[in-house]
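The sequence lines fix the lettering, A, B, ..., with proteins before strands; numbering per chain opens at 1.
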There are 2 protein chains.
Amino acid sequence: MLNEKFDRYSFILDQTAKKVKQFAQSSFTEKGFDITVDQWAVLKVLYETEQLSQKELARRCGKDQPTLTRIVDILLKKGLAERVIDETDRRSLYLHLTEEGKLKVASLSPIVAEIRMKAWEKLTEKDFEDFTRILNTIYNNLNIS
Amino acid sequence: MLNEKFDRYSFILDQTAKKVKQFAQSSFTEKGFDITVDQWAVLKVLYETEQLSQKELARRCGKDQPTLTRIVDILLKKGLAERVIDETDRRSLYLHLTEEGKLKVASLSPIVAEIRMKAWEKLTEKDFEDFTRILNTIYNNLNIS
DNA sequence: TACAAATATTTAGTATGACAAATATATTTA
DNA sequence: TAAATATATTTGTCATACTAAATATTTGTA
């Protein structure tokens, strides 16, 4: 394989990830969702599994703990989530959605799914499979941890 | 196509783009490059085409103008680039690398190429072609501009 | 049990990304 | 030519990412 050929994939990857986020964010804003795409990602995980510690929530959202702390702070201010101290381990906090938070996720989910689908116009199921397989391979190639 | 199936591509895309950046950044840091991955992207473009206005540089780097202004500020502080007022249009600035900047790009380029290659272990040239084609299609699907 | 090490969370600092507004200069138009 | 409009850049604000360090609590060990 020639080096030059692979020199720019990181640029295309970065630009496309940015575009996907921008597109979703501008749709959110236009429709008056009043949350960011990252806040949505956290809400969605919390909706699917209540009673998560912040550490576990961060892991599932693919965010580091300081970033998650700040996103959760914002969700609290917006009245969408709550922090509860874990009495069995007072270092930990459990998070759950408020009723308002649950309603928000339930009502926005189908609209978000539609927004997300737009990326796949003109592409096939085979493309989708290849795409996720390649992304996962790249991720694992670099995930030395 | 079923919605649920496509629900999580944006997550994988985002995580992989992040991982690619993290891997490069930690390699840069480990090797003592003393620049960020985004600063590198700007230096590389400037090296390939000197005498760019900031607006054009921003376009080629895929960054917005405020972000580019700030990255260029840092490159100036590090003595890697210079701003020159365009006397034919005093709103514009031309940018070019200092000798130190040119030397830096020339010496780091092959090492960066190697770092970038690691992502492609276990993948084929066909994968690479599919990957870039799919990314470009997604980008264009969302690029309403 | 007391002390050291580990863990969960938060705080702080720097870089980047997005968007709006401010500034300076050019261009267009009445 | 003066005023309106357009353009290039910068500044400001908020959100996110990463790192390191601080804090509180728990666990392991002598």
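Among residues at least two apart or in separate chains, salt bridge (charged side-chain N to carboxylate O under 4.0 Å, His left out) pairs with a member in residues 10-35 of chain B are B:Lys21-B:Asp38.
A donor-acceptor pair under 3.5 Å is formed between the side chain of A:Asp127 and the backbone N or O of A:Thr124. With hydrogens and angles disregarded, no donor-acceptor distance shorter than 3.5 Å links the side chain of B:Tyr139 to the backbone of A:Ala119. For B:Ser109 (side chain) and B:Ala106 (main-chain N/O), no donor-acceptor pair under 3.5 Å exists by modelled atom type. Within the 3.5 Å criterion, the main-chain N or O of A:Lys104 finds a donor-acceptor partner in the side chain of A:Ser107. At distances below 3.5 Å, not a single donor-acceptor pair connects side-chain atoms of B:Thr16 with backbone N or O atoms of B:Leu13.
Each of B:Thr69 and A:Lys63 was matched to the nucleotide of DNA chain D holding its nearest heavy atom; the match closer to the 5' end belongs to B:Thr69.
Heavy-atom neighbours of B:Leu103 CG from other residues, nucleotides or ligands within 6.0 Å: above the threshold of 12.
If you check the side chains of A:Asp64 and A:Thr67, you find a donor sitting under 3.5 Å from an acceptor. With no hydrogens or angles considered, no side-chain donor-acceptor pair links A:Arg8 and B:Thr132 at under 3.5 Å.
The stretch residues 36-60 of chain A touches DNA chain D through A:Thr36, A:Asp38, A:Gln39, each having a heavy atom under 4.0 angstrom from the strand. Across residues 75-95 of chain A, A:Asp89, A:Arg90, A:Arg91 each have a non-hydrogen atom less than 4.0 Å from an atom of DNA chain D (numbered order).
Ion pairing between a basic and an acidic side chain is recognised when a charged N comes within 4.0 Å of a carboxylate O; A:Lys44 and A:Glu48 show such pairing. Salt bridge status for B:Asp86 with B:Arg91: absent, with no side-chain N to carboxylate O gap under 4.0 Å. The existence of a salt bridge linking B:Arg133 and B:Glu129 is excluded, since no basic side-chain nitrogen approaches an acidic carboxylate oxygen closer than 4.0 Å. With salt bridges taken as basic N to acidic carboxylate O contacts below 4.0 Å, one links A:Arg83 and A:Asp73.
Between the CG atom in A:Leu76 and the CD atom in A:Glu82 there is a gap of 8.0 Å [rounded to 0.5 Å]. Between the CD atom of B:Gln22 and the OG atom of B:Ser27 there is a distance of 11.5 Å, given to the nearest 0.5 Å.
When the local axes at the two ends of the helix from C:dT1-D:dA30 to C:dA30-D:dT1 are compared, using 5 base pairs at each end, they differ in direction by 0° after rounding to 10°.
Atom CZ of B:Arg70 is separated from atom C1' of D:dC14 by 11 Å (rounded to the nearest Å). The interatomic distance linking A:Gln25 (CD) with D:dC14 (P) rounds to 16 Å, in whole Å. Atoms CD1 (A:Ile35) and P (D:dT16) sit 10 Å apart, rounded to a whole Å. Per the geometry, CG belonging to A:Leu68 stands 10 Å off P belonging to D:dA17, to the nearest Å. Regarding A:Asp73, its CG atom lies at a distance of 11 Å from the P atom of D:dT16, rounded to whole Å.
Across all strands, A:Gln22 comes closer than 4.0 Å only to sugar-phosphate atoms, never to a base (heavy-atom distances). Residue-level contact check: B:Ile74 touches the backbone only, with heavy atoms under 4.0 Å from sugar-phosphate atoms and none from bases.
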Pairs: protein N or O with nucleotides 2-4 of chain D N or O, under 3.5 Å:
none

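Protein chain A contacts DNA chain C from C:dA6 to C:dA18, reading 5' to 3' and using non-hydrogen atoms of the protein with a distance under 4.0 Å.
Using a 30° and 60° split on the angle between ring planes, B:Phe33 and B:Phe28 fall in the tilted class, from 30° to 60°.
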